[in-house]
There are 2 protein chains.
Amino acid sequence: MAIQRALPADGDQPDRWEAQLRKGAVEMAALASLWQGRLYGLEIIRFLESQSQLALAEGTIYPILNRLKAEGMLTSEWVEAEAGHPRKYYSLTDAGRQRLRQMAEAWTSFSRGLSHLLESVLQQQEKIQ
Amino acid sequence: MAIQRALPADGDQPDRWEAQLRKGAVEMAALASLWQGRLYGLEIIRFLESQSQLALAEGTIYPILNRLKAEGMLTSEWVEAEAGHPRKYYSLTDAGRQRLRQMAEAWTSFSRGLSHLLESVLQQQEKIQ
DNA sequence: GCACTATACATAGTTATACGAGGTATGAAG
DNA sequence: CTTCATACCTCGTATAACTATGTATAGTGC
């Protein structure tokens, strides 16, 4: 985990979010995939791949899901499948929804800043041979 | 089992830009800061901070600059300052410019995918309270 | 001309992240 | 009962970013 250090209970610095975003965009994507309803592990991977070209490995997603669950951002429940094997479905908690909103805002701001930087670069695209 | 990339059709991507971008957005930002002309180390930090709210430490930027120089993405030259001390100015090479364009495109795609994911989340903003 | 300060460049060491490669468990099919 | 397919899980590793610190140069006060 990372987000807490020796910080006081509610002393979350907005500065930390930025730093976290640069790294934890994947964590945000995982939360976002659950926005419209519960999904199970492999389903999250497929969802993100189809919706955002974000290809995550199993070794990436499961640790993240466990971390998020430990932080109270989501819950899980085993569900028996008719044909197959039990699946662990994850759902957002209220805390998870709230955090996702904050991350989404911070991400948007961060992304906008970078896009601004890249404007000149991309404008030149038309001139490129 | 679990051979995730058993796709022969996919071929090999030039690089795993997506994966790199999630981490190396900072590297891209460093290249981007030099698009309009040469800057020296501390100047890059100040530029990024003012232009994109991206706050980088010296310990972050110098290793990146050295790495990029070693890869031929930029050149450096010492310049004597009237009042002060020599500064090491960095400039993009043609290779650096080309790479930055590729990264900018990949970033745009990646960013767009994530924004798409976050659409539903952000749309709910108005309903909150 | 010697400390003191400010600016600028540099790097060693720590931490955290994403991932690859393997392992476990369940049920279905042969 | 062996094999296959799906799904979950975890350890070890490479790498990236950051913290803290060190070095070098030059101007300022005495």
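Each chain gets a letter, A, B and so on, in the order its sequence line appears, and its residues count up from 1. Just so it is clear, the model here is predicted, and its values are computed rather than measured.
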Quick one: is [X] getting a side-chain N or O under 4.0 Å of the [N] phosphate, OP1 or OP2?
{"X": "A:R46", "N": "D:dA7", "result": "yes"}
{"X": "B:R67", "N": "D:dA17", "result": "yes"}
{"X": "A:N66", "N": "D:dT10", "result": "yes"}
{"X": "A:Y40", "N": "D:dA7", "result": "yes"}

For this session: Would you please say whether a donor-acceptor pair under 3.5 Å links the side chains of A:S76 and A:K88?
Result: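 Short answer, no.
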
Exercise. Are the side chains of B:W35 and B:R101 in touch, meaning some heavy atoms are under 4.5 Å apart?
Worked result: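 Result yes, sub-4.5 Å side-chain heavy-atom pair found.
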
Please state how far atom [atom1] in [X] lies from atom [atom2] in [N], giving the value in whole angstrom units.
{"X": "A:L48", "N": "C:dA18", "atom1": "CG", "atom2": "P", "result": "13 Å"}
{"X": "B:Y62", "N": "D:dG22", "atom1": "OH", "atom2": "C1'", "result": "14 Å"}
{"X": "A:I45", "N": "D:dT6", "atom1": "CD1", "atom2": "P", "result": "14 Å"}
{"X": "A:I61", "N": "D:dT10", "atom1": "CD1", "atom2": "P", "result": "15 Å"}
{"X": "B:E80", "N": "C:dT7", "atom1": "CD", "atom2": "P", "result": "18 Å"}
{"X": "B:L56", "N": "C:dA10", "atom1": "CG", "atom2": "C1'", "result": "16 Å"}
{"X": "B:L42", "N": "C:dA6", "atom1": "CG", "atom2": "C1'", "result": "11 Å"}
{"X": "A:K69", "N": "D:dT10", "atom1": "NZ", "atom2": "P", "result": "11 Å"}

Problem set entry | Minimal non-hydrogen separation, A:W107 against A:A25, with atom names |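 So the minimum-distance heavy-atom pair works out to CZ3-CB, 4.2 Å.
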
For this session: Classify the side chain of A:E58 versus the base of D:dC8 as yes if they form a donor-acceptor pair under 3.5 Å and no if they do not.
Result: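 Result: at least one qualifying N/O pair found.
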
Problem set entry | Pairwise 5' ranking along DNA chain C for B:W78 and A:H85, keeping only the more 5' one |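 The residue closer to the strand's 5' end, by nearest nucleotide, is B:W78.
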
For this session: Could you pick out which residue, B:G41 or A:P86, lies toward the 5' side of DNA chain C when each is mapped onto its nearest nucleotide?
Result: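 Looking at the nearest nucleotide for each, B:G41 comes out on the 5' side.
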
For this session: Find the distance between CD (A:E58) and OH (A:Y62) and round it off to the nearest 0.5 Å.
Result: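 Reported value, rounded in 0.5 Å steps: 5.5 Å.
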
Exercise. If you measure from CD on B:E43 to CZ on B:R38, what distance do you get to the nearest 0.5 Å?
Worked result: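 Reported to 0.5 Å precision, the distance equals 9.5 Å.
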
Exercise. What is the nucleic acid contact for A:Y90, judged by heavy atoms within less than 4.0 Å: base, sugar-phosphate only, or nothing?
Worked result: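 Sugar-phosphate contact only.
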
